[in-house]
Chemist: 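Supplied in structure tokens, the structure appears directly below.
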Amino acid sequence: MKKTRLAIIGLGNVGRQCAEAIQADPASVLAGVVQRPGSTASWLKAPAVAHISELNEVDAALVCVPLDAVLGVAKDLLQSRIPVVECARLHGEAFLAHKAEIHRAALHHKLPAVVGAGCDPGVFSLLRSHFALLAPGGHTETSRHTVPSLHHTLAATGIRGVRQALATESRSVEGRPQRYVYVELEPSADAAAVTDALAHDPLFLDEQTLVFPVPSIAALEAANHGVTLERHATAGDTGHASFLLEARYDEAGLAARMMLAAARALPFLQAGAYSLLDLPPGALWGEQRAAAEKEWI
């Protein structure tokens, strides 16, 4: 099976993560990187050039440049007959206008492009859309950068069975304060007993407290970003459904994996610009489909 030859435009944090993701992907090969003259990338096992025209056999390009340069770079690539995946951080009307502009260029050159295929928009756009599918009349609240609470962290560490802890504060969809307590448990600890002890500790009674056992607090603290997605159905919906996703992640790494997945979908697309929601079911998976199907069943 022929590997997909991908180029990276821009070698910042996201570009570097894209290079690592491509080099670890058995179905792709790094055709090269386009970077500013004078930049160094000695660790790359691929050509580093000043313009895409200096690379040979490029099947698609991952655009990892600053926001104000994305549109111009994408149009230049399409003019060079190269399909595009980009991760511009735009939302609402700005995203729709940006997509429309790339759509016109992609149609003109008869090539596909995937826009907004990063972290957000991107990964979290997909997750929010799935929540909306499950609770169509509800509302989703996205909370970022929860703030550690030293006082509550120390109190949680004092609970029997807790080896280490990290307490953060956020707000629910209704605006009520909530406390998230991440606990690394002793090997013999009972997670349910620890949760109950925290919920009844006088220090935690003033706010709703959610307890999340994790393998390692150190690994949790090393993560660059945190987010919670909450969706609550409307009062009249059957079952009064609510959904909560809590995640810690490296934003650049997550964006890179999403861009690589979007690149897998390009051969299935006709000319035009697409968001992740426009892509055919299953097109993102590629070689990972078998593993995904095991989780599915």
Chemist: Any heavy-atom pair between the side chains of L78 and H108 that's under 4.5 Å?
Modeler: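 No. Closest side-chain heavy atoms not under 4.5 Å.
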Chemist: As an exercise, state the distance from OG of S188 to CD of E186, rounded to the nearest 0.5 Å.
Modeler: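 Between S188 OG and E186 CD, I get 6.5 Å after rounding to 0.5 Å.
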Chemist: Is a donor on one side and an acceptor on the other found under 3.5 Å between the side chain of R231 and the backbone of G138?
Modeler: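 Such a contact is found between R231 side chain and G138 backbone.
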Chemist: Roughly how far, to the nearest 0.5 Å, is the CZ atom of F95 from the OG atom of S125?
Modeler: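 Result: 7.5 Å between the selected atoms.
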Chemist: Under a 4.5 Å cut-off applied to non-hydrogen side-chain atoms, are R179 and F204 in contact?
Modeler: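 Counting from C-beta outward, R179 and F204 do come under 4.5 Å.
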Chemist: Restricting to non-hydrogen atoms, name the atom on L205 and the atom on A199 that form the minimum distance, rounded to 0.1 Å.
Modeler: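 Taking every non-hydrogen atom into account, CD2-O, 3.2 Å.
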Chemist: Ignoring hydrogens and geometry beyond distance, is a side-chain donor-acceptor pair present between E251 and N13 at under 3.5 Å?
Modeler: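 The answer is no; no qualifying pair exists.
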Chemist: For residues F243 and L229: do they belong to one hydrophobic cluster (side chain heavy atoms under 4.5 Å, members Ile, Leu, Val, Met, Phe, Trp, Tyr)?
Modeler: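 Yes; tracing contacts between hydrophobic side chains, which count when under 4.5 Å, links both residues.
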Chemist: Is a side-chain N or O of E230 found less than 3.5 angstrom from the main chain of L244, in a donor-acceptor match?
Modeler: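 Between the backbone of L244 and the side chain of E230 there is no qualifying donor-acceptor contact (under 3.5 Å).
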Chemist: Find out if a path of hydrophobic residues (ILVMFWY) with successive side-chain heavy-atom gaps under 4.5 Å connects V181 to V194.
Modeler: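 Yes, same cluster.
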Chemist: Hydrophobic cluster membership, with links at side-chain heavy-atom distances under 4.5 Å among I/L/V/M/F/W/Y: are L284 and L266 in one?
Modeler: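 In one cluster with L284: L266, yes.
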Chemist: Side-chain contact, heavy-atom cut-off 4.5 Å: C64 with M259?
Modeler: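 Yes. Closest side-chain heavy atoms under 4.5 Å.
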Chemist: Check step by step if side-chain contact (heavy atoms from CB on, under 4.5 Å) holds for L90 and L67.
Modeler: CA-CA 9 Å; L90 295 168; L67 177 59; 3.8 Å; yes
Chemist: Mind listing the closest non-hydrogen atom pair of L269 and P280 along with its distance?
Modeler: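 The pair with the smallest heavy-atom distance is CD2-CD, 3.6 Å.
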Chemist: Rounded to the nearest 0.5 Å, how far does CD of Q79 lie from NE2 of H109?
Modeler: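 Nearest 0.5 Å value for the NE2-CD distance: 5.0 Å.
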Chemist: Between D25 and K3, is any pair of side-chain heavy atoms under 4.5 Å apart?
Modeler: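 No, side chains not in contact.
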Chemist: Looking at SG of C119 and CE of M258, how far apart are the two atoms once the value is rounded to the nearest 0.5 Å?
Modeler: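 C119 atom SG to M258 atom CE measures 10.5 Å (nearest 0.5 Å).
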Chemist: What's the spacing between H232 NE2 and E141 CD if we round to 0.5 Å?
Modeler: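 Here the interatomic distance stands at 9.5 Å.
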Chemist: What verdict does the side-chain contact (heavy atoms from CB on, under 4.5 Å) test give for S28 and L260, after you've listed the backbone C-alpha separation in whole Å, the side-chain angles of each residue and the deciding distance to 0.1 Å?
Modeler: CA-CA 9 Å; S28 305; L260 181 56; 3.8 Å; yes
Chemist: Pick from K2, R264, R81: which one makes a salt bridge (charged side-chain N to carboxylate O under 4.0 Å, His left out) with D59?
Modeler: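 With D59 as partner, salt bridge (charged side-chain N to carboxylate O under 4.0 Å, His left out) holds for just one option, K2.
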Chemist: What distance separates I102 CD1 from E86 CD, expressed to the nearest 0.5 Å?
Modeler: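 Going from CD1 on I102 over to CD on E86, the span is 4.5 Å.
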Chemist: With no hydrogens and no angle check, do the side chains of E93 and H98 hold a donor and an acceptor under 3.5 Å apart?
Modeler: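 Side-chain D/A pair, E93 to H98: absent.
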Chemist: Side-chain contact, heavy-atom cut-off 4.5 Å: V114 with S275?
Modeler: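 No; the side chains remain at least 4.5 Å from each other.
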Chemist: Is a side-chain N or O of H200 found less than 3.5 angstrom from the main chain of D196, in a donor-acceptor match?
Modeler: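 Looks like yes, one N/O pair under 3.5 Å.
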Chemist: Do V58 and V33 land in one hydrophobic cluster if side-chain heavy atoms of ILVMFWY residues count as linked below 4.5 Å?
Modeler: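 No, V58 and V33 fall in different hydrophobic clusters.
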Chemist: If Ile, Leu, Val, Met, Phe, Trp and Tyr residues are connected whenever their side-chain heavy atoms lie under 4.5 Å apart, and connections chain through other members, are F212 and V162 in the same group?
Modeler: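 No.
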Chemist: Under 30°, 30 to 60°, or over 60°: which ring-plane class applies to F124 and Y249, parallel, tilted or perpendicular?
Modeler: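 The arrangement is tilted - the two ring planes meet at 30° to 60°.
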Chemist: Write down the atom of I82, the atom of A61, and the distance for their closest heavy-atom approach.
Modeler: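 Smallest interatomic distance, heavy atoms only, reads CG2-N, 3.8 Å.
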Chemist: Write down the atom of A256, the atom of C18, and the distance for their closest heavy-atom approach.
Modeler: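 Smallest heavy-atom distance, with atoms named: CB-N, 3.5 Å.
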Chemist: Do you know which two heavy atoms are closest between V85 and A117, and how far apart they sit?
Modeler: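 Between these two residues, the closest heavy atoms are CG1-CB, 4.0 Å.
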Chemist: Within the distance-only criterion (no hydrogens, no angle test), does the side chain of E20 pair as donor or acceptor with the backbone N or O of Q17 below 3.5 angstrom?
Modeler: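 No.
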Chemist: Does any non-hydrogen side-chain atom of V29 lie less than 4.5 Å from one of I22?
Modeler: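 Answer no - side chains too far apart.
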Chemist: Run the side-chain contact (heavy atoms from CB on, under 4.5 Å) check on Q270 and K110 step by step: do they pass?
Modeler: CA-CA 8 Å; Q270 297 181 352; K110 299 181 173 60; over 6 Å; no
Chemist: Using a strict threshold of under 4.0 Å (side-chain N to carboxylate O), is an ion pair present between D250 and R257?
Modeler: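 Answer for the salt bridge query: no.
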Chemist: Taking it one step at a time, do D120 and H91 satisfy side-chain contact (heavy atoms from CB on, under 4.5 Å)?
Modeler: CA-CA 9 Å; D120 194 3; H91 295 274; 3.3 Å; yes
Chemist: Would you say that I9 contacts L62 through its side chain, given a criterion of any heavy-atom pair below 4.5 Å between the two side chains?
Modeler: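 Of all side-chain heavy-atom pairs linking L62 with I9, none is under 4.5 Å.
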Chemist: Just wondering, do S80 and L77 contact through their side chains at under 4.5 Å, heavy atoms?
Modeler: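 Not in contact.
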Chemist: What is the minimum heavy-atom distance between A46 and L30, and which atoms define it?
Modeler: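 A46 and L30 have their closest heavy atoms at CB-O, 3.6 Å.
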Chemist: Do the side chain of D190 and the main chain of A192 share a donor and acceptor less than 3.5 angstrom apart?
Modeler: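 Indeed, once roles are kept as given, a pair shorter than 3.5 Å links the two residues.
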